[in-house]
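A short worksheet on the structure shown next.
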Amino acid sequence: MSGNDSYPTRNARYAGSWYPGEDNELRSLILGTTGAAVKREAGPLSCAVLPHAGLYYSARGIAPLLCDVTGVLKRVLILSPSHYYRLSPDILSAGRFSGYQTPLGKLGSFDPFPSVSSVEVNPALEKEHALEMVLPFLAFIQERQGTPIEVAMALISEVNDTVSARNLASTIKSALGRESLLTGETLVIASSDFTHYGSRFSYTPFGPEVTMDVISKVQSLDLDTGNALVSGDLETLFSSRSHQRLSVCGIAGASVVSALASSLHLRGEVSDYYTSLDVTGEISNDFVAYETILWRNHD
């Protein structure tokens with residue numbers, strides 16, 4: 001299951017632009033998020049939905065990993081939308097790398113889906129920013145625990161219905177192993193930002209001018225989506241599909257992770273919600289929302 005050196009290493013494409021490329025500066029950024037990362041629940045962390053904007057915006061939403069990964073984390077599967085390549089729906093598009101480079105060291109690799117993995121997908125995986133933002137945090141955890149972490153990546157931009165989401169979740173559970181997921185040795189992350197609001201994103205159902213009322217309405221929509229994911233209520237999620245749902249860019253991967261968590265009888269919670277306006281403190285008619293969802297095993 002470990003990486004094959006005949007495959008290329010995925011480089012840290014966005015280091016130095018979307019987040020610091022210098023190790024000490026990056027380490028300081030990560031450590032600076034720990035104040036907001038408060039552990040709220042007990043039990044191994046098995047599944048998560050985490051944001052993927054540049055770390056200036058998304059570090060707060062990813063930071064709970066620093067508190068909630070309390071055992072020895074061995075493997076992480078990251079599911080992401082494909083922002084730059086068009087892919088077929090209801091399919092996990094996985095590639096093959098020998099490892100994943102970060103400014104804090106190299107992460108190993110594993111191949112949970114040999115039957116669907118292909119080096120032809122690697123260019124899409126190499127370019128995809130939504131896969132990369134969590135890697136510095138995983139490298140930081142690897143450094144802290146002193147044992148290696150192996151990573152696998154897969155793209156999935158569209159899931160058509162509940163049945164497809166549950167079938168993909170079943171594939172992941174079979175590939176990774178139920179016990180490994182329940183003990184927290186293996187973690188599955190769906191990479192997703194939530195509502196993208198404003199004319200820049202062609203989504204202004206509450207008007208083009210952003211007010212506190214607009215922000216409140218967007219938050220209500222996002223939390224409804226988050227709570228449906230937490231509870232595994234995919235029927236509601238898919239039956240109420242709207243343009244707002246489509247503006248949640250990683251909803252496909254999030255629905256699969258929700259189905260996986262439900263099949264494992266994990267307990268979920270929305271642990272954080274904020275917007276880009278909260279980060280910048282600026283007034284703008286365009287903003288992006290971020291939501292952190294965590295599922296743990298309480299048995």
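Sequence positions, counted from 1, serve as the residue numbers for this chain. All values reported here derive from a predicted model rather than from experimental measurement.
A donor-acceptor contact shorter than 3.5 Å links the side chain of Tyr274 to the backbone of Tyr57. When atom types are taken as modelled, the side chain of Asp193 and the backbone of Gly250 share no donor-acceptor pair closer than 3.5 angstrom. A distance-only check finds no donor-acceptor pair linking the side chain of Ser216 to the backbone of Met212 [under 3.5 Å]. In this structure, Glu128 contributes its side chain and Leu155 its backbone to no donor-acceptor pair below 3.5 Å.
Residues Val163 and Val159 do not share a hydrophobic cluster, clusters being chains of Ile/Leu/Val/Met/Phe/Trp/Tyr side chains in contact below 4.5 Å.
Side-chain contact of Ser164 with Asp161: a donor-acceptor pair under 3.5 Å is present, judged by distance alone. Residues Thr147 and Gln145 have side chains that bring a donor and an acceptor to within less than 3.5 angstrom of each other.
Residue Glu132 forms a side-chain hydrogen bond (donor to acceptor under 3.5 Å, both in side chains) with just one option from Tyr14, Tyr19, Tyr100, and that option is Tyr19. Shown are Thr33, Asp272, Asp278; of these, the side-chain hydrogen bond (donor to acceptor under 3.5 Å, both in side chains) with Arg60 is made only by Asp272.
Taking each heavy atom of Lys173 and Leu181 in turn, the nearest pair found is CA-CD1, 4.3 Å. Among all heavy-atom pairs drawn from Pro136 and Leu26, the shortest one is CB-CD2, 3.8 Å.
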Check: Hey, mind stepping through Tyr203 and His196 against side chain to side chain contact (heavy atoms under 4.5 Å, CB included) and telling me if it holds?
Finding: CA-CA 7 Å; Tyr203 181 68; His196 295 60; over 6 Å; no

Next item on the list: Go through the steps for Thr186 and Ser180 under the test side chain to side chain donor-acceptor pair (under 3.5 Å), then give the verdict.
Entry: CA-CA 5 Å; Thr186 299; Ser180 181; 2.4 Å; yes

Show the atom names and distances, to 0.1 Å, of all donor-acceptor pairs under 3.5 Å that link a side chain in residues 286-293 to residues at least two apart or in another chain.
unit_1, atom_1, unit_2, atom_2, d
Asp286, OD1, Ser199, N, 3.2
Asp286, OD1, Arg200, N, 3.0
Thr292, OG1, Gly61, O, 2.7

